[in-house]
> 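Provided herewith is a single structure, encoded as C-alpha cells, for subsequent inquiry.
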Amino acid sequence: MPHFTFDYSANLDGVVDMRALARLIHDTMMETGLFELGAIRVRGFRTEVYAIADLLPENSFIDMSLRIGKGRSEADKKRAGEAIFAAVSAFLSERFETPHFMLSLEIREIDAELSWKKNAIHPRLRQKTG
C-alpha cells in the first residue's frame with residue numbers, strides 16, 4: 001500500500017514535466033521490488049500558496065512523501081528512499097543548477113490498525129501475473 005505524494009510550488013509549471021516525474025517515481029518504486037503493482041499510487045499536488053526561505057519569487061520546491069504499510073526492514077525502506085531520491089534528483093538536475101530549489105523525501109509507516117482500504121485493482125493484476 002505505498003502512497004506516494006508530492007507537493008510542488010506552482011512556479012514549476014512549464015518548467016518540470018510533472019506527469020513524467022510521477023511516472024519516473026512509479027517506475028522506480030517498481031524497480032525496488034518492494035511494492036506490488038496494484039498497490040502503488042503516485043499523486044502530485046500543485047501548491048499555489050507558499051513562502052520559501054528568503055521569499056524570492058524564483059524559489060521553488062518539491063516535497064515528497066511515501067506512506068507504506070508496516071513489514072519492511074529498515075534497510076529495505078532506506079534502499080527504496082535512496083533509489084527514489086536519486087532518480088528524482090537526476091530527473092531534476094537542472095533545477096539544482098540554480099540556487100532556488102529544494103527537494104525533500106520522507107517515508108512514514110501507516111498504522112494497520114488505523115487504516116482501512118479496499119482495492120479492486122489487485123485481483124485483476126494478480127490474475128495477469130498469477
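One is the number of the first residue; the rest follow in order along the sequence. This is a predicted model, so every value here is computed, not measured.
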> Tell me every residue that passes salt bridge (charged side-chain N to carboxylate O under 4.0 Å, His left out) with R79, counting only those two or more places apart in sequence or in another chain.
D76
> Got a second to check how far E106's CD is from T5's OG1, nearest 0.5 Å?
10.0 Å
> Please walk me through it: do R72 and L34 pass side-chain contact (heavy atoms from CB on, under 4.5 Å)?
CA-CA 8 Å; R72 293 169 187 86; L34 296 172; 4.2 Å; yes
> Can you list the residues that meet the side-chain contact (heavy atoms from CB on, under 4.5 Å) rule with A75, with sequence neighbours excluded?
S73
> Quick check for you: to the nearest 0.5 Å, what is the distance between E97 atom CD and L92 atom CG?
11.5 Å
> Test of understanding: with ring pair (Phe, Tyr, Trp, His ring centres under 6.0 Å), list the residues that count as partners of F96, not counting sequence neighbours.
F101
> In the structure I gave you, are the side-chain heavy atoms of M29 and P2 within less than 4.5 Å of one another anywhere?
yes
> Do R95 and L12 make a side-chain contact, defined as non-hydrogen atoms from C-beta onward lying under 4.5 Å apart?
yes
> For F91, which residues count as a ring pair (Phe, Tyr, Trp, His ring centres under 6.0 Å) partner, sequence neighbours excluded?
none
> Can E109 and K77 be counted as an ion pair, charged N to O under 4.0 angstrom?
yes
> A side-chain contact here means heavy atoms from C-beta on lying under 4.5 Å apart; do L125 and E36 qualify?
no
> So, do D7 and Y50 sit near enough that their side-chain heavy atoms are less than 4.5 Å apart?
no
> Within the structure provided, determine whether L105 and L103 are in side-chain contact (heavy-atom separation under 4.5 Å).
no
> Using the rule that Ile, Leu, Val, Met, Phe, Trp and Tyr join whenever any side-chain heavy atoms are under 4.5 Å apart, tell me whether I25 and L37 fall into a single cluster.
yes
> Search all heavy atoms of S60 against all heavy atoms of N11 and return the closest pair with its distance.
CB-OD1, 3.3 Å
> Looking at every non-hydrogen atom in both residues, tell me the closest pair between A87 and T28 and how far apart they are.
CB-OG1, 3.6 Å
> Side-chain contact, heavy-atom cut-off 4.5 Å: I40 with F4?
no
> Does R23 have more than 12 heavy atoms from other residues, nucleotides or ligands lying within 6.0 Å of its CZ?
no
> Are Y8 and I52 connected in the hydrophobic side-chain network, where two residues link if heavy atoms are under 4.5 Å apart?
no
> When you compare the side chain of V42 with that of H3, does any pair of heavy atoms fall below 4.5 Å?
no
> Applying side-chain contact (heavy atoms from CB on, under 4.5 Å), can you list everything that pairs with L55, at least two apart in sequence or on another chain?
A51
> Which pairs of donor and acceptor atoms, one on a side chain in residues 61-71, lie under 3.5 Å apart (sequence neighbours left out)?
residue : atom : partner : partner atom : Å
D63     : OD1  : S104    : OG           : 2.6
S65     : OG   : R108    : NH2          : 2.4

> A side-chain contact here means heavy atoms from C-beta on lying under 4.5 Å apart; do H26 and F35 qualify?
no
> Donor-acceptor check, side chain of T47 to backbone of V49, threshold 3.5 angstrom: yes or no?
no
> Kindly compute the distance separating CD1 (I84) from CD1 (I107), expressed to the nearest 0.5 Å.
6.0 Å
> Which atoms form the tightest heavy-atom contact between T32 and A80, and what is the distance?
CG2-CA, 4.1 Å
